[in-house]
Asker: 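Okay, handing you the structure first.
Proteins get letters first, then strands, A, B, ... in listed order; numbering begins at 1 in each.
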Amino acid sequence: MSRSKVLSLSEAMVRVKSGTRLMTGDFVGAAEPAKCLEWLVDNKIGNLTLITCTPGMTGGFGKGHLYANGLVSELISSHVATTNESSEAYLSGALMVRQLYPMGTWAEKVRAGAVGIGGVLIPVGVGILDQPGLFPDLEEPKQKVTVGGKEYFVEEALRAEVSIIKGWRADPLGNVEFRYTSGQNQRDIAMAGDYAIVEVNEIVPVGTIPPDRVGCPGVFIDAVVQGYSLEDQHRRYRDHWIKLGRLQPIAEGATP
Amino acid sequence: MSRSKVLSLSEAMVRVKSGTRLMTGDFVGAAEPAKCLEWLVDNKIGNLTLITCTPGMTGGFGKGHLYANGLVSELISSHVATTNESSEAYLSGALMVRQLYPMGTWAEKVRAGAVGIGGVLIPVGVGILDQPGLFPDLEEPKQKVTVGGKEYFVEEALRAEVSIIKGWRADPLGNVEFRYTSGQNQRDIAMAGDYAIVEVNEIVPVGTIPPDRVGCPGVFIDAVVQGYSLEDQHRRYRDHWIKLGRLQPIAEGATP
Amino acid sequence: MTSPSIAAMSPREIIARRCAQEVKDGEVVNLGFGIPTLTSNYLPKGMSVIFHAENGCFGFGAKPGTLEADSDITNAGTEPITLLPGAAIMDMITSFGAMRNGFIDITVLGALEVDQEGNLANWATKRNGKWWPGPGGAMDLCYGTKKVIAALQHTDKSGDSKVKRRTNLPLTGRRCTKVIVTDKAVFDVLPEGGLLLREALPGLSADDIRAITEADFTVADDFRPMNFDLA
Amino acid sequence: MTSPSIAAMSPREIIARRCAQEVKDGEVVNLGFGIPTLTSNYLPKGMSVIFHAENGCFGFGAKPGTLEADSDITNAGTEPITLLPGAAIMDMITSFGAMRNGFIDITVLGALEVDQEGNLANWATKRNGKWWPGPGGAMDLCYGTKKVIAALQHTDKSGDSKVKRRTNLPLTGRRCTKVIVTDKAVFDVLPEGGLLLREALPGLSADDIRAITEADFTVADDFRPMNFDLA
């Protein structure tokens with residue numbers, strides 16, 4: 001029999017140490033592995049290199065606390081300012097960003113790391129992102145190659161020591177099901193990490209998730225941890241959306 | 001209102017002409033667009049360049065009829081002999097194969113064509129597939145690039161003039177749902193074609209397919225055509241599997 | 001919806017209303033954040049378009065009520081959305097593949113500056129000596145979308161034209177802009193470069209536009225005032 | 001299952017039974033076509049492995065009955081399969097990504113020839129002056145799988161060794177083979193290259209194996225007869 005991959009939060013998260021190259025799943029804060037991020041803050045795991053689509057959602061939410069607490073030393077992403085916390089860390093010089101990638105390029109680089117290829121040839125931004133001086137912290141100019149008469153960036157695969165993704169539910173084999181837009185590139189992120197943790201709303205017995213509803217096969221997952229319930233997750237996001245003015249406050253007397 | 005993409009077989013297939021660069025979805029004959037392939041044979045559309053994972057399933061099934069009828073002049077694939085028909089055409093010199101790709105490389109090249117990147121850096125087969133003389137019909141040696149100290153093939157994106165895929169059911173917007181292992185890389189193939197046809201077992205009203213069960217968004221599809229019913233499809237495959245000895249014949253008196 | 005006169009409209013509303021006129025029935029549409037998002041409020045009733053969200057969705061609808069908001073149904077700006085019949089979820093890499101590969105018909109993007117070659121700049125200004133804040137998905141949109149609409153106020157707070165001869169900011173897209181919509185004017189970007197003034201705010205002449213515009217432009221034969229069907 | 005004596009077994013059965021001993025509980029397993037597929041018949045009862053099919057599945061089970069065969073549930077050889085509880089479907093590019101990236105623990109592959117450097121050749125012979133028939137997914141498997149088992153008959157029809165000093169056929173994988181299983185012997189391929197004879201068919205000595213093997217090899221300290229638990 002296969003051993004269960006269900007671990008406690010700290011059993012799994014102990015893999016993330018000071019200086020770890022970490023990749024997390026989310027899209028501007030949607031479908032973030034919330035409990036795992038809280039664990040990093042609670043345990044003050046710092047000096048992280050964070051590979052993530054964008055810094056996250058602003059206003060004191062999820063990943064934002066990592067920057068606010070000075071835990072991220074380098075960011076590999078498409079943006080520096082989707083959270084005020086990351087923006088301040090970047091502008092103050094506390095957060096190193098060697099270069100910024102178009103989001104689609106970032107996602108292809110992660111996928112390349114996920115599927116064992118060396119990289120991809122990206123046409124987006126050629127003639128723009130290779131302008132001398134644009135990214136002064138880059139040690140070498142961006143590599144280019146010409147194929148079929150057109151110039152492309154050679155964008156190298158991105159991999160991490162630990163990947164943390166967020167799913168809806170998972171079974172002890174590590175099979176993960178996602179709800180709606182929360183799938184994002186979570187499976188790629190899991191595959192691109194030497195050690196892959198999934199945080200889920202619910203842990204279910206093997207056989208619960210129909211084979212064609214598995215969004216990330218368990219073979220790609222090393223640890224399954226229990227996150228917020230779906231109901232609590234909805235409440236967290238609704239509360240934050242109300243705070244940011246993206247949703248109307250719930251009227252007095254209404255049942256939340 | 002968006003116009004319905006449902007077309008008759010010949011309304012859609014008229015896009016495939018003598019000499020068309022054609023890509024078809026299937027995996028060694030599984031989940032082939034059967035009616036579309038029959039149309040090509042019936043209408044003797046020849047001189048095709050066929051981009052496909054493998055030639056198909058042997059023994060007079062689906063794509064095999066294309067080679068048997070001399071309709072394919074060039075094959076871009078991972079194999080020449082999953083059908084006897086393609087094997088004979090290749091060995092007789094009637095079927096041009098410039099080079100053979102590892103199947104994973106072939107799939108990445110199609111995906112590169114699907115997602116608008118120039119190509120991918122593939123480590124598989126370096127030092128093997130670039131041996132001089134291995135593929136005498138290759139006009140130029142395979143392009144290589146070194147990234148992070150490792151050598152990779154620069155594998156260019158593959159695209160087609162027409163792509164034909166096979167789904168379970170589709171709605172008039174072109175949204176396609178797949179059953180189990182039939183999804184393969186069908187969505188990539190649709191995206192990699194200038195004109196994309198999906199043949200399905202069933203055409204259903206918009207709203208029938210849950211958004212997270214859509215395997216190929218309708219935005220990538222130009223034409224939806226009615227194929228065999230699912231029941232007839234099962235019967236076709238079971239009959240052929242019995243013929244090939246992959247399944248036991250049904251005992252006399254049993255209900256097929 | 002109330003139907004204010006143009007004179008009573010904010011610059012943002014003018015831009016959003018005019019951008020809405022660029023969208024055709026049945027198109028696949030991606031709206032950037034800010035003013036572009038407002039565009040969806042002004043599409044004609046009965047028009048059916050497919051809204052695209054970069055994170056992986058075609059066919060989303062209006063914002064849900066607070067208690068209906070599902071935290072796993074969001075757009076690229078982490079706002080709750082709803083899914084219309086016929087919507088399709090896809091993974092992020094497929095979504096960006098669609099963007100690069102020309103499956104998005106039209107996008108409306110906010111801009112810091114545009115220029116008369118159709119160059120669009122919206123991801124980077126210098127802060128503390130660093131480029132800030134980053135491209136997100138905007139470069140992918142500019143690269144692949146069939147029709148890129150730049151939506152911006154005509155002048156900055158000092159009254160300087162944001163429609164430039166040549167922008168010196170890092171670009172989001174090179175020669176990608178097809179139409180420039182400001183609160184004062186509408187320009188087409190000609191295929192070989194150069195601007196064609198198509199419309200101006202009612203009451204403004206072509207010379208009035210020239211006076212507030214750094215870029216060179218020619219004036220269309222059918223130059224006319226912006227017109228919103230406010231009936 | 002009947003338990004024949006080794007003497008009564010076909011070469012194919014000997015190879016398949018011995019390959020099965022290489023598989024460990026819980027591993028992710030990909031079996032090539034032909035002899036390798038037979039391996040699944042000889043895994044110990046109670047062992048739980050995850051079978052991988054290149055077309056996009058982890059966790060498939062036995063062949064269904066004819067009337068239960070679902071034409072949309074197939075393996076990489078277009079054979080009907082069943083899905084076990086805990087099975088996962090994925091798209092083809094993810095499946096091959098898993099293969100390249102080391103997510104498959106062990107594969108058993110048929111081979112035309114192997115050599116003492118661990119090179120494996122199984123995709124190409126010359127026919128009509130052309131290389132035939134093609135790699136399919138075998139090169140991807142050889143590239144990325146943690147443990148590649150080459151399964152082949154020790155000698156060809158003329159009695160010539162298929163375990164070579166150096167194969168001259170186009171390779172499927174360079175230095176990829178970890179274990180060679182034939183109907184006569186089992187070799188480990190040493191990390192720095194070179195073969196170590198671990199087992200031989202009962203009754204055959206190391207010298208007997210040397211007599212039918214072109215490749216050089218050393219003999220393991222614990223060299224012993226193949227042993228199938230046929231109880």
Side-chain angles (χ1 to χ4, degrees), chain A residues 31 101-126 139-140 142-159 167-169 176-186 188 209-215 217, chain B residues 31 101-126 139-140 142-159 167-169 176-186 188 209-215 217:
Chain A
Y101 298 103
M103 202 182 280
T105 301
W106 178 89
E108 286 293 323
K109 287 168 74 75
V110 170
R111 183 184 176 276
V115 301
I117 64 178
V120 286
L121 306 185
I122 297 281
V124 178
V126 171
E139 282 147 24
E140 293 172 10
K142 287 177 78 76
Q143 191 176 355
K144 286 181 280 189
V145 70
T146 298
V147 171
K150 185 169 171 177
E151 204 172 32
Y152 297 92
F153 287 133
V154 175
E155 288 288 358
E156 198 169 349
L158 279 173
R159 287 190 55 84
W168 170 32
R169 50 187 197 167
V176 186
E177 184 175 4
F178 300 99
R179 296 179 70 245
Y180 303 105
T181 56
S182 72
Q184 303 162 355
N185 65 334
Q186 308 256 12
D188 292 340
I209 306 174
D212 49 1
R213 287 292 315 175
V214 173
Chain B
Y101 298 103
M103 200 182 280
T105 301
W106 178 90
E108 286 292 323
K109 287 168 74 76
V110 170
R111 182 183 176 277
V115 301
I117 65 178
V120 285
L121 306 185
I122 297 281
V124 178
V126 171
E139 282 147 25
E140 293 173 9
K142 287 177 79 75
Q143 191 177 355
K144 286 181 281 186
V145 69
T146 298
V147 171
K150 185 169 171 176
E151 205 173 30
Y152 297 91
F153 287 133
V154 174
E155 288 288 358
E156 200 169 347
L158 279 174
R159 287 191 55 84
W168 169 33
R169 51 186 198 169
V176 186
E177 183 174 4
F178 300 98
R179 297 180 68 244
Y180 303 105
T181 56
S182 72
Q184 304 161 355
N185 65 332
Q186 308 255 13
D188 293 340
I209 306 175
D212 49 1
R213 286 293 313 173
V214 173

Asker: Please classify the contact of Val115(B) with chain A as side chain, backbone, both or neither, using a heavy-atom distance under 4.5 Å.
Answerer: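 The answer is the side chain of Val115(B).
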Asker: Pro211(A) versus chain B, heavy atoms under 4.5 Å apart: side chain, backbone, both or neither?
Answerer: neither
Asker: Let me know if Tyr180(A) has heavy atoms under 4.5 Å from chain B in its side chain, its backbone, both or neither.
Answerer: both
Asker: Looking at every heavy atom in both Pro123(B) and Gly116(A), which two are closest together, and how far apart are they?
Answerer: CG-O, 3.6 Å
Asker: For residues 109-119 of chain B, which residue pairs qualify under side chain to side chain donor-acceptor pair (under 3.5 Å), counting only residues two or more places apart or in two chains?
Answerer: Glu108(A)-Arg111(B), Lys109(B)-Glu155(B)
Asker: Can you give me the closest heavy-atom contact between Gln143(A) and Val147(B), atom names plus distance?
Answerer: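 So the minimum-distance heavy-atom pair works out to OE1-CG2, 4.0 Å.
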Asker: So for Ser182(B), is it side chain, backbone, both, or neither that comes closer than 4.5 Å to the heavy atoms of chain A?
Answerer: neither
Asker: Here's a test for you: under side chain to side chain contact (heavy atoms under 4.5 Å, CB included), which of Val145(B), Val154(B), Ile117(B), Val120(B) qualifies with Leu121(A)?
Answerer: Val154(B)
Asker: Please name all residues satisfying side-chain hydrogen bond (donor to acceptor under 3.5 Å, both in side chains) with Glu140(B), sequence neighbours left out, ordered by chain then number.
Answerer: none
